[in-house]
Amino acid sequence: MPTFRAPRGTRDLLPPERVGLARLERLAQDLAARYGYHPIETPLFEQSAVFERGIGEVTDVVEKELFLLQPRDEDAERWALRPEPTAGIVRAYVQHGMQTWPQPVKVTMTGSMFRYDRPQAGRYRQFWQFDVEAIGDPGPAVDAEIIELAARFYRDAGLPGVTILLNSIGDGACRPAYVDELTAFYRAHLGELPPAERARLERAPLRLLDSKDARMVALNAVAPQITDRLCDACAAHFAAVRTHLHAVGVDYQLEPHLVRGLDYYTRTAFEVYPAGVSGQQSAIGGGGRYDGLVELLGGRPTPGIGFGLGLDRVLLALGAAGVPATVEPAPVAVVVGSDPADTVARLRIATELRGAGLPVRAELGQRKLGKQLEAAARDGAHFAVILGDDLAGAHVQLRDLEAGTQRAVSVTGLARELERATKSHRHGLATPES
RNA sequence: GUGGCCUUAGCUCAACCGGCAGAGCAGCGGAUUGUGGUUCCGCAGGUUAUGGGUUCGACCCCCAUAGGCCACCCCA
């Protein structure tokens, strides 16, 4: 019925939901800072070639989900909204010569990503992601550190439990031979492949590994596994990642069929799911190593690893797990008055109190005092500052909305009085920290 | 992108077989014109998603479009 509405696959984040997202953003940024990741910000859009080359031409993300911007003329550069953060960050790493910075360069970014997908619950065309990247360190310890950071985020966010799926998908030294072997295996069982899978065999054989089709699951159980075909270097790296994870107490589940949708991943790959939830569009995070990406985007050969998580989906998972949504802190006091002409005084007193650092709401409307107090109580305010007849004598009534008591306080001493009253008030109350 | 289900007030939902569109919640106002969350009363809120069609008559049947959801796909 409204004339205009939010575009398909996008939504307006109204105050309650936006507050929840803000809390997660704060949590994520504080956490990243604690681990030594520095904030970075790259554009919402890039030359589409950045994604095509970085993510891979034959990936779903590039082939059908890239949000292409309409060029203004034929010769114009082709732009695309970022579908994921890593390619843009690596582009910035190369552009700004960050290989001359102390390595590894550890950066973090929080913001919107865009994919032209068919929307569904938890799958949006614009979604929020928190991301960390460590570029320039080839060692397995960084892999473990980043996965541990991920695990801590979910725990701190209040998710009762998550499952971390871990795999190694090899590198240029061992994966090609494995892909050949796997392709040959599927060819030998061509008759058992569903038509859809058969069509994908030539283009992306690894994709068949994580198929949910029952026949494929059975077939994949006897298919050659990448973890048995890793070269010595990759196998040693993978073993070391697991040793480090064990050392920091991170639980994970080996999933040899885990392949990721972006071509740039090498060696370590992982995905995170809420406890007890399988498949579907329920992944709440994922990441991995991308030792060839910097070079792919024009830099010197440089290793890297990153992790991204979907804040929308974490919010969804928190709701499903029954974790109460956070609410905005209630005002300490609300300034009310019954005389329509005293709005100057209401505003002035509220301004002074705010200047003193107190969260104060002011009733600036015309409704009667009873309604104002009603609204103040519903807002959860502890106190009401009531302007009345004694205003002429520079006094107001300070009313304790929970105790139902009130007394006269001079305007000049109001801020000090409120601070003291708030402190003693909070003493007995277990104020939940957001 | 493929297949399916759904769409009635801001929200959650009613409305017999095709026969005058309703309730709860939320909002606003009132209950001896300066004191609150309960209670009571009232007000407002709708082109029944949109556009066509069938019919004396459509929330109800048919078609299309849009949006949402489920599965696939894919991932966050």
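Chain letters run A, B, ... following the sequence lines, proteins first and then strands; every chain starts at 1. FYI, side chains are in, hydrogens and waters are out, and symmetry mates aren't considered; it's all heavy atoms of this structure. Quick caveat: nothing in here was measured; it's all calculated off a predicted structure.
When the P atom of rU35(B) is taken as reference, atom CG of Asp400(A) falls 19 Å away, rounded to whole Å. Distance CG (Asp60(A)) to P (rU2(B)): 14 Å, rounded to an integer number of Å. Going from atom CG of Asp117(A) over to atom C1' of rC73(B) covers 9 Å, rounded to whole Å. Residue Tyr124(A) contributes atom OH, which lies 11 Å from atom C1' of rG68(B) at whole-angstrom precision. Between the CZ atom of Arg5(A) and the C1' atom of rA66(B) there is a distance of 7 Å, given to the nearest Å. Atom CG of Leu369(A) is separated from atom C1' of rU35(B) by 5 Å (rounded to the nearest Å). In this structure, Gln120(A) places its CD atom 14 Å from P of rG1(B), rounding to the nearest Å. Atom CZ in Arg115(A) sits about 16 Å away from atom C1' in rG1(B), given to the nearest Å.
Heavy-atom contacts from other residues, nucleotides or ligands closer than 6.0 Å to CZ of Arg78(A) number 12 or fewer. For Tyr35(A), the OH atom sits in a packed shell: over 12 heavy atoms of surrounding residues, nucleotides or ligands are nearer than 6.0 Å. In Arg175(A), the CZ atom is crowded: over 12 heavy atoms of neighbouring residues, nucleotides or ligands sit closer than 6.0 Å. Environment of CZ in Phe45(A): sparse, with no more than 12 heavy atoms of neighbouring residues, nucleotides or ligands closer than 6.0 Å. Within a 6.0 Å sphere centred on CZ of Arg416(A), other residues, nucleotides and ligands contribute 12 heavy atoms or fewer.
Side-chain N or O atoms of Arg399(A) include none that pairs as donor or acceptor with a backbone N or O of His382(A) at under 3.5 Å.
When Watson-Crick and G-U wobble pairs are counted only if both distances are under 3.5 Å, rC72(B) pairs with rG1(B). Pair check for rG27(B) finds rC43(B); Watson-Crick or G-U wobble, both atom distances under 3.5 Å. Remark: rU7(B) base-pairs with rA66(B). Criterion, Watson-Crick or G-U wobble with two distances under 3.5 Å. A 3.5 Å limit on both hydrogen-bonding distances identifies no Watson-Crick or G-U partner for rU54(B). The nucleotide rG18(B) finds no pairing partner, because no Watson-Crick or G-U wobble arrangement with both distances shorter than 3.5 Å includes it.
The separation of rA21(B) from rG45(B), taken at their C1' atoms, amounts to 14 Å, rounded to a whole angstrom. For the C1' atoms, the distance from rC28(B) to rA44(B) is 8 Å, rounded to whole Å. The same atom, P, is picked in rC69(B) and in rU12(B); the two are 12 Å apart, to the nearest Å. Taking the C1' atoms as reference points, rC62(B) lies 25 Å from rC20(B), given to the whole Å. Separation of the P atoms belonging to rA9(B) and rA23(B) is 14 Å when rounded to the nearest angstrom. Comparing rC13(B) with rU7(B), their P atoms are spaced 11 Å from each other, to the whole Å. Between rA58(B) and rU48(B), the distance separating the two P atoms is 11 Å to the nearest Å. Rounded to a whole angstrom, the distance from the C1' atom of rA49(B) to that of rG67(B) is 8 Å.
Each of Gly285(A) and Leu387(A) was assigned the nucleotide of RNA chain B with the nearest heavy atom; the assignment lying further toward the 5' end belongs to Leu387(A). Comparing Tyr116(A) and Asp379(A) along RNA chain B, the residue whose closest nucleotide (by nearest heavy atom) sits nearer the 5' end is Tyr116(A).
The residue Gly287(A) sits apart from the nucleic acid: no heavy atom pair falls under 4.0 Å. Nucleic acid contact for Gln406(A): base, since at least one base atom lies under 4.0 Å from a heavy atom of the residue. Ile386(A) comes within 4.0 angstrom of a nucleotide base, judged by non-hydrogen atoms across all strands. Base engagement by Arg399(A) is indicated by at least one non-hydrogen atom pair under 4.0 Å involving a base atom.
Taking only side-chain nitrogens and oxygens, Arg8(A) comes nearer than 4.0 Å to OP1 or OP2 of rG68(B). Contact annotation: Gln372(A) does not reach the phosphate of rU35(B) (side-chain N/O to OP1 or OP2, under 4.0 Å). Distances shown here put every side-chain N or O of Lys371(A) at or beyond 4.0 Å from the OP1 or OP2 atom of rG36(B).
Evaluation of atom-type donor-acceptor distances gives a pair under 3.5 Å for the side chain of Arg118(A) against the base of rG3(B). Residue Arg378(A) places no side-chain atom within donor-acceptor reach of the base of rG36(B), judged by atom type and a 3.5 Å distance cut-off alone. Contact of Gln397(A) with rU35(B) (side chain to base): no donor-acceptor pair of N or O atoms is detected under 3.5 Å. In this model, a side-chain donor or acceptor of Arg123(A) finds a partner on the base of rC73(B) within 3.5 Å.
Residue Ala121(A) has its side chain nearest to rC70(B) when only rC70(B), rG36(B), rG68(B) are considered. Among the nucleotides rC73(B), rG34(B), rG36(B), the one closest to the side chain of Leu401(A) is rG36(B). Looking at the side chain of Glu374(A), the nearest of the listed nucleotides rC73(B), rG36(B), rG29(B) is rG36(B). Closest contact between the side chain of Arg367(A) and the listed nucleotides rG36(B), rC28(B), rA31(B) involves rC28(B).
By the 4.0 Å N-to-carboxylate-O rule, Glu374(A) lies too far from Arg367(A) to be salt-bridged with it. A salt bridge links Arg346(A) with Asp342(A): the distance from a Lys NZ or Arg NE/NH1/NH2 to an Asp or Glu carboxylate oxygen falls below 4.0 Å.
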As a quick check of understanding, evaluate salt bridge (Lys or Arg N to Asp or Glu O under 4.0 Å) for Asp379(A) and Arg361(A), giving each step before the final call. CA-CA 10 Å; Asp379(A) 259 18; Arg361(A) 198 168 62 75; 2.5 Å; yes
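Aromatic rings of Phe114(A) and Phe127(A) (six-membered ring for Trp) have centroids beyond the 6.0 Å cut-off, not under it. Taking the ring centroids of Tyr290(A) and Tyr265(A), they lie at or beyond the 6.0 Å cut-off.
A heavy atom lying under 4.0 Å from RNA chain B marks none of the residues of residues 144-158 of chain A.
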